[in-house]
Amino acid sequence: MDVANQAGVSIATASRVLNGSARKVRNESYVKVMEAATKLNYRPNAYAQAVAKGTAPNIVLLVSDISDPYFAAVSQGVVKAAGEQGVSVTIGVAPDAKSELEAVRKATATRPRGIIISESERIDSPERAQLEAELKRYEAAGGRAVFILNRNLPFPAVDVANEVGARAIAKLIVDSGYRRPAILKGDDNYRSSKERLAGVMAVFDKAGITVDPKAVANGRFSRTEGYAAIMQLARLGRLTAAGGANAAYDGTGVDCVVALNDVMAIGAMSALRANGIEPGADMGVTGFGDIPYSADVHPSLTTVHLPLTEMGQAAVDRVLSPAEGDSSSDDNNRLIFVQSAPDIVLRESLPRR
């Protein structure tokens, strides 16, 4: 109102100029409004503008566990990239498919500029169809939905070459002289776990290594569950020859732990020590992800590097990129690869045998 009075124009005309309306304003009126705004040191209210246009000036980020260093690093990338564009980020935690769907429904009700979902790629949950329908309605209303890691849903997804990285770490394990791996995987309906498991198993098979089913455990991509899984293998006598007939690999025991993410590997190392087994000396250990803590634990963790911060940044770039037509187009549904061939980081936890 003050700008309109100063410029001698109607409030509607001032609003069109200051809020970037598509409706044209006479050049003379435009100049008057801009001069008045400068004189009054006017700053547009970004939230009010966005609400008027149908979206709020923020991005909603959903993660499974904010305390997990993996999700923390991804979140850092999202917050940094959004902040550089003047966009705020609201972070929500959705540990399972049901709570994820509910969180998406609540988020779409606030009409954010974008929704980024960084979860553990549950690929067969009963809520999957409802989640897809909810996000399609949101996109039809002008929003942007982006996944971090692919779920084979019709929305853009930032992805990495999980199976390629898994093959690379398995080859390193074989080349380093290990032949009797214990494998810590995630839930079978997690896409990244399935891809990583397929990669390591393919390399072991090619090397003539038959993985003992008794040495495969579900660590649920969690440090505490990774710890518990190794403790259980130890209680069953499967880790070392001291377990006798119960030991994996026909009584020989395992010589390395292949964890399909870093937090499971870190939990596994603690469990090994609790059973008198020194990781990086008595038994090799590898992870996947290269979370910030992986270089700081003892021994430092050999792992597959994923560009976690860059993954978050790529998701924000996709949300804030100019519209490219109908959201059903192949271009909008493409995968966004931030790293086609993950790097292997060799550290102390996997010495040559």
Side-chain angles (χ1 to χ4, degrees), residues 62-75 93-100 118-125 148-149 151 162 165-166 169 181-201 211-240 243 246 248 253-254 256-277 279-280 283-294 296-299 301-304 306 308 349:
L62 298 179
V63 300
S64 294
D65 181 0
I66 195 63
S67 66
D68 187 319
Y70 170 92
F71 293 112
V74 170
S75 300
V93 178
D96 53 56
K98 184 176 180 180
S99 59
E100 177 188 67
S118 177
E119 302 269 349
S120 295
E121 329 98 83
R122 306 174 187 89
I123 57 178
D124 60 359
S125 68
I148 295 180
L149 297 184
R151 286 200 217 173
N162 275 305
I169 195 73
I183 298 177
L184 290 183
K185 63 177 185 175
D187 288 343
D188 290 336
N189 65 337
Y190 284 5
R191 175 172 295 279
S192 60
S193 180
K194 293 182 72 171
E195 291 176 346
R196 294 171 192 179
L197 182 61
V200 298
M201 294 295 280
V211 176
D212 190 335
K214 293 191 299 183
V216 179
N218 186 356
R220 294 183 172 82
F221 275 15
S222 158
R223 190 202 66 80
T224 55
E225 293 291 343
Y227 176 90
I230 293 299
M231 291 296 289
Q232 176 70 0
L233 291 179
R235 281 193 292 270
L236 294 173
R238 293 177 180 172
L239 290 181
T240 67
N246 292 326
V254 306
C256 65
V257 175
V258 183
L260 301 185
N261 80 350
D262 284 350
V263 292
M264 287 194 298
I266 292 170
M269 290 198 291
S270 295
L272 290 175
R273 285 197 190 89
N275 286 278
I277 302 169
M283 195 172 293
V285 180
T286 63
F288 202 112
D290 198 21
I291 62 175
Y293 302 157
S294 62
D296 299 328
V297 295
H298 178 74
L301 183 62
T302 292
T303 187
V304 180
L306 295 182
L308 303 176
S349 69

Separation between CE of Met264 and CG of Leu184, rounded to the nearest 0.5 Å: 5.5 Å
Is the backbone N or O of Phe221 less than 3.5 Å from a side-chain atom of Asn261, with the two atoms forming a donor-acceptor pair by type? yes
Say whether, by atom type as modelled, one donor and one acceptor occur between the side chain of Asn275 and the main chain of Ile277 under 3.5 angstrom. no
Does any N or O in the side chain of Thr303 come within less than 3.5 Å of the main-chain N or O of Phe288, such that one atom is a donor and the other an acceptor? yes
Return the minimal non-hydrogen interatomic distance between Ser118 and Val74, and the atom names on each side. OG-CG1, 3.8 Å
Residues which pass salt bridge (charged side-chain N to carboxylate O under 4.0 Å, His left out) with Asp290, listed by chain and number, not counting sequence neighbours: Arg347
Are the side chains of Leu233 and Leu239 in contact, using a 4.5 Å heavy-atom criterion? yes
Are side-chain heavy atoms of Met201 and Val211 found at a separation under 4.5 Å? yes
Mind checking side-chain hydrogen bond (donor to acceptor under 3.5 Å, both in side chains) for Asp188 and listing every partner two or more places apart, or none if nothing turns up? Lys185
Contact check, side chains of Ser349 and Pro279, non-hydrogen atoms, under 4.5 Å: no
Distance check, rounded to the nearest 0.5 Å: Ile169 atom CD1 versus Arg196 atom CZ? 11.5 Å
Pairs meeting criterion side-chain hydrogen bond (donor to acceptor under 3.5 Å, both in side chains) with involvement of residues 223-232, two or more places apart: Ser222-Thr224, Gln232-Arg235
Asp187: which residues meet the side-chain contact (heavy atoms from CB on, under 4.5 Å) condition with it, sequence neighbours left out? Asn189, Tyr190, Asn218, Arg220
In short, Arg191 meets Arg151 closest at the heavy-atom pair NE-CA, 4.1 Å
Taking side chain as C-beta onward, heavy atoms only, is Val263 less than 4.5 Å from Pro69? yes
Val257 and Ala268 have their tightest heavy-atom pair at CG1-CB, 4.2 Å
Met269 side chain reached by Pro299 side chain, heavy atoms, under 4.5 Å: yes
So which heavy atom on Gly186 is nearest to which on Ser193, and how close? N-OG, 2.8 Å
To the nearest 0.5 Å, what is the distance between CD1 (Ile291) and CD1 (Ile266)? 4.0 Å
Quick one: side-chain contact (heavy atoms from CB on, under 4.5 Å) partners of Ala215, sequence neighbours excluded? Ala182, Asp212, Ala248, Tyr249, Val254
Nearest 0.5 angstrom please: Leu236 CG to Met231 CE, how far? 11.5 Å
So, the side chain of Ser294 versus the backbone of Leu301: is there a donor-acceptor pair under 3.5 Å, distance only? no
Ile66: side-chain contact (heavy atoms from CB on, under 4.5 Å) partners, not counting sequence neighbours: Val63, Ser75, Ile91, Val93
